[in-house]
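All remarks here apply to the structure that follows.
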There are 2 protein chains.
Amino acid sequence: MKNEDWTELFDGTRALPRDVRDRLLKSAHLVTAKEGKSIFSPDHIPDKLLFLINGVIRVSQTSENGREIVLYRVEAGQSCVLTTACILAEEAYNAEGVAETDIKAISLPRSEFDRLVAEMPAFRKFVFSAYSRRLIDLLRVVDDVAFGHIDVRLAERLIALCGGGNDIAVTHQKLAVELGTAREVISRQLVEFQKRGWLELSRGKITLNDKASLRKLSNN
Amino acid sequence: MKNEDWTELFDGTRALPRDVRDRLLKSAHLVTAKEGKSIFSPDHIPDKLLFLINGVIRVSQTSENGREIVLYRVEAGQSCVLTTACILAEEAYNAEGVAETDIKAISLPRSEFDRLVAEMPAFRKFVFSAYSRRLIDLLRVVDDVAFGHIDVRLAERLIALCGGGNDIAVTHQKLAVELGTAREVISRQLVEFQKRGWLELSRGKITLNDKASLRKLSNN
DNA sequence: TAAACTTGGTGACAAAGTTACAGAAAGAAA
DNA sequence: TTTCTTTCTGTAACTTTGTCACCAAGTTTA
């Protein structure tokens with residue numbers, strides 16, 4: 001991307017008056033990160049608000065005994081509010097954001113963030129909207145983990161990850177992290193799906209043969 | 001409580017200038033609800049911000065198949081932000097807030113809420129603080145449900161619920177809802193604790209005999 | 001090529017959730 | 001009071017999920 005007007009890309013900034021947007025173009029700056037880079041973690045909480053232009057940030061949580069669960073993903077056009085939330089709260093938490101792809105984002109200083117929230121109703125709405133989005137994402141995770149069945153959740157996730165195509169490049173361990181369970185549980189379930197002819201397994205790759213059945217199991 | 005200055009009771013309003021507080025005393029009004037009353041639910045989302053003066057609101061989530069889990073509690077001096085969050089997001093969610101005791105609260109109209117967030121840094125900080133508090137509460141719930149062991153979680157909850165004393169007036173079913181599990185699982189675990197001499201069971205009541213052991217199991 | 005690491009397969013077992021009842025205690029109705 | 005009804009608890013059998021231990025095949029590194 002050329003050095004274009006990124007304020008055009010976000011709901012929260014597109015609606016702002018021209019002079020404010022020009023101010024933003026000066027005060028904020030572009031940051032990039034390679035795939036796999038940690039964007040925030042308990043050790044490293046940035047004091048900026050991130051607006052994601054390109055790529056995906058995967059936010060996950062790791063337990064004491066090392067198991068991990070994916071909470072949600074921040075996609076292009078969205079902002080990463082968990083960090084700003086957690087600057088205020090001084091309680092311990094163990095969520096981490098990792099660049100799932102190479103990413104490009106706008107980094108907005110806290111002072112400017114505060115000022116925008118104060119002065120611009122459109123921006124305020126965007127921020128609150130982002131918060132509620134994440135709250136609801138988490139409600140969904142709680143529901144899934146507490147009450148969901150592993151076969152349904154796995155089918156759901158496979159459909160979500162294939163993205164139009166039929167192949168998914170993913171290890172059983174990665175899928176286990178998606179759902180917050182153990183690798184063996186995923187392997188078992190995948191073999192079961194394979195027996196039903198719904199998919200083919202190979203090292204590091206899953207080929208979906210019968211998306212309809214998977215979709216049916218996952219109720220979408 | 002007499003018709004006092006409730007703005008003194010909240011972090012978010014105590015720090016405001018006198019004239020703003022006087023304005024609030026006029027625009028907001030006192031609401032009360034009896035124990036057991038539903039404060040908000042998917043069917044009924046109030047468009048006000050609630051400031052809780054007295055009592056406790058229990059926020060829980062119910063699954064399709066009827067099982068339920070307690071997410072967190074809103075206590076006196078806190079505000080109930082989940083509702084405001086969810087007005088914006090149009091996605092479905094199934095959290096409900098129920099008055100766990102008789103409650104007394106201040107109801108602030110949305111317009112006034114917006115204005116305060118815009119104009120008053122102290123209020124803004126309070127609101128963001130409330131959001132992050134809930135986000136972190138939910139992170140904790142996810143961690144517990146996904147990775148926690150039921151004996152540890154139950155011990156923890158028993159210690160939290162006894163509140164200084166030794167008796168807890170609660171049914172096994174209620175405890176199951178606290179942890180998002182089944183009644184039978186709780187019964188089984190309570191019998192185990194009883195065998196170890198940590199507590200006594202009777203209908204609708206649990207008497208803790210050895211809080212130290214429970215506390216040790218729950219790692220606090 | 002050999003060694004080290006990653007990925008996946010498997011069996012045995014433990015923990016937690018489900019199903020299906022039964023009986024005791026408390027409260028309401030006759 | 002006695003009977004009926006509801007609520008609460010106990011329990012056994014079974015299924016699902018999570019854990020542990022270990023091995024084998026593929027991949028990368030030395």
Side-chain angles (χ1 to χ4, degrees), chain A residues 36 61-69 141-158 161 167-196 199-207 217-218, chain B residues 36 61-69 141-158 161 167-196 199-207 217-218:
Chain A
Q61 176 167 239
T62 305
S63 76
E64 285 177 347
N65 53 39
R67 264 176 59 196
E68 190 180 350
I69 183 170
V141 173
V142 170
D143 196 279
D144 279 359
V145 173
F147 309 124
H149 291 260
I150 205 71
D151 52 350
V152 176
R153 296 174 60 209
L154 179 55
E156 203 171 84
R157 204 52 78 111
L158 289 172
L161 290 174
D167 284 1
I168 310 175
V170 71
T171 65
H172 298 188
Q173 179 56 46
K174 289 258 172 62
L175 285 171
V177 167
E178 291 287 331
L179 304 185
T181 182
R183 197 258 313 161
E184 293 88 331
V185 174
I186 296 295
S187 293
R188 212 151 45 191
Q189 195 60 55
L190 284 173
V191 168
E192 172 60 28
F193 286 165
Q194 188 175 34
K195 276 179 191 158
R196 295 184 202 165
L199 44 75
E200 294 293 330
L201 298 176
S202 47
R203 189 185 172 89
K205 193 179 86 170
I206 297 172
T207 307
L217 177 60
S218 73
Chain B
Q61 175 167 238
T62 304
S63 76
E64 286 176 348
N65 53 40
R67 264 174 61 196
E68 191 181 350
I69 183 170
V141 173
V142 169
D143 195 278
D144 280 358
V145 173
F147 309 124
H149 290 260
I150 206 71
D151 52 350
V152 176
R153 296 175 61 209
L154 178 56
E156 203 171 84
R157 205 51 80 109
L158 289 172
L161 290 173
D167 285 0
I168 310 175
V170 72
T171 65
H172 297 187
Q173 179 57 47
K174 290 258 172 62
L175 285 172
V177 167
E178 291 287 331
L179 304 185
T181 183
R183 197 259 313 163
E184 292 86 336
V185 174
I186 297 294
S187 292
R188 218 159 30 200
Q189 196 58 57
L190 285 173
V191 167
E192 172 60 28
F193 286 166
Q194 188 175 34
K195 276 179 190 157
R196 296 183 202 165
L199 45 74
E200 295 292 329
L201 299 176
S202 48
R203 190 187 172 88
K205 194 180 88 172
I206 297 172
T207 306
L217 176 61
S218 73

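Hydrogens, waters and symmetry mates are skipped; everything else that's a heavy atom, side chains included, is used. Chain A is the first sequence line, chain B the second, and so forth, proteins listed ahead of strands; every chain is numbered from 1.
- Rounded to a whole Å, the CD atom of B/Q189 is 10 Å from the C1' atom of C/dA15.
- Residue A/E200 contributes atom CD, which lies 12 Å from atom P of C/dG9 at whole-angstrom precision.
- In this structure, a donor-acceptor pair under 3.5 Å is absent between the side chains of A/D143 and B/S63.
- For C/dA16, neither phosphate oxygen OP1 nor OP2 lies less than 4.0 angstrom from any side-chain nitrogen or oxygen of B/T181.
- Rounded to an integer number of Å, the gap from B/I206 CD1 to D/dC8 C1' is 12 Å.
- Whole-Å rounding puts the A/D151 CG to D/dT16 P distance at 9 Å.
- Nucleotide D/dG18 holds its C1' atom 14 Å from the CD1 atom of B/I150, rounded to whole Å.
- Nearest-nucleotide positions on DNA chain C place A/E184 closer to the 5' end than the other of A/E184 and A/H149.
- Rounded to an integer number of Å, the gap from B/I69 CD1 to C/dA16 P is 14 Å.
- Closest approach to the B/R203 side chain among D/dG18, C/dG17, C/dA24 is made by C/dA24 (side chain taken as heavy atoms from C-beta onward).
- Note: NZ (A/K205) to P (D/dT27) measures 12 Å, nearest angstrom.
- At a threshold of 4.5 Å between non-hydrogen side-chain atoms, the residues B/L199 and B/L201 count as touching.
- With C/dT18, C/dC21, C/dG8 as the candidates, the nucleotide lying closest to the side chain of A/H172 is C/dG8.
- Contact annotation: B/T171 does not reach the phosphate of D/dC8 (side-chain N/O to OP1 or OP2, under 4.0 Å).
- In summary, B/E192 and B/R188 do not engage in a salt bridge, as defined by a charged side-chain N under 4.0 Å from a carboxylate O.
- Comparing atom distances between the A/S187 side chain and each of D/dC20, D/dT9, C/dG9 picks out C/dG9 as nearest.
- A 4.5 Å side-chain heavy-atom check between B/L179 and B/L154 finds at least one atom pair inside the cut-off.
- Nearest-nucleotide mapping onto DNA chain D: of B/L190 and A/G180, the residue sitting toward the 5' end is B/L190.
- Salt bridge A/K174/A/E178: absent, no basic N to carboxylate O contact under 4.0 Å.
- You'll find that the side chain of B/R183 is closest to C/dC21, out of C/dC21, D/dT17, C/dG9.
- Rounded to whole angstrom, the span from the CD atom of B/Q173 across to the P atom of D/dG10 amounts to 14 Å.
- If A/R67 and B/R188 are placed on DNA chain D by their nearest nucleotide, the residue sitting closer to the 5' end is B/R188.
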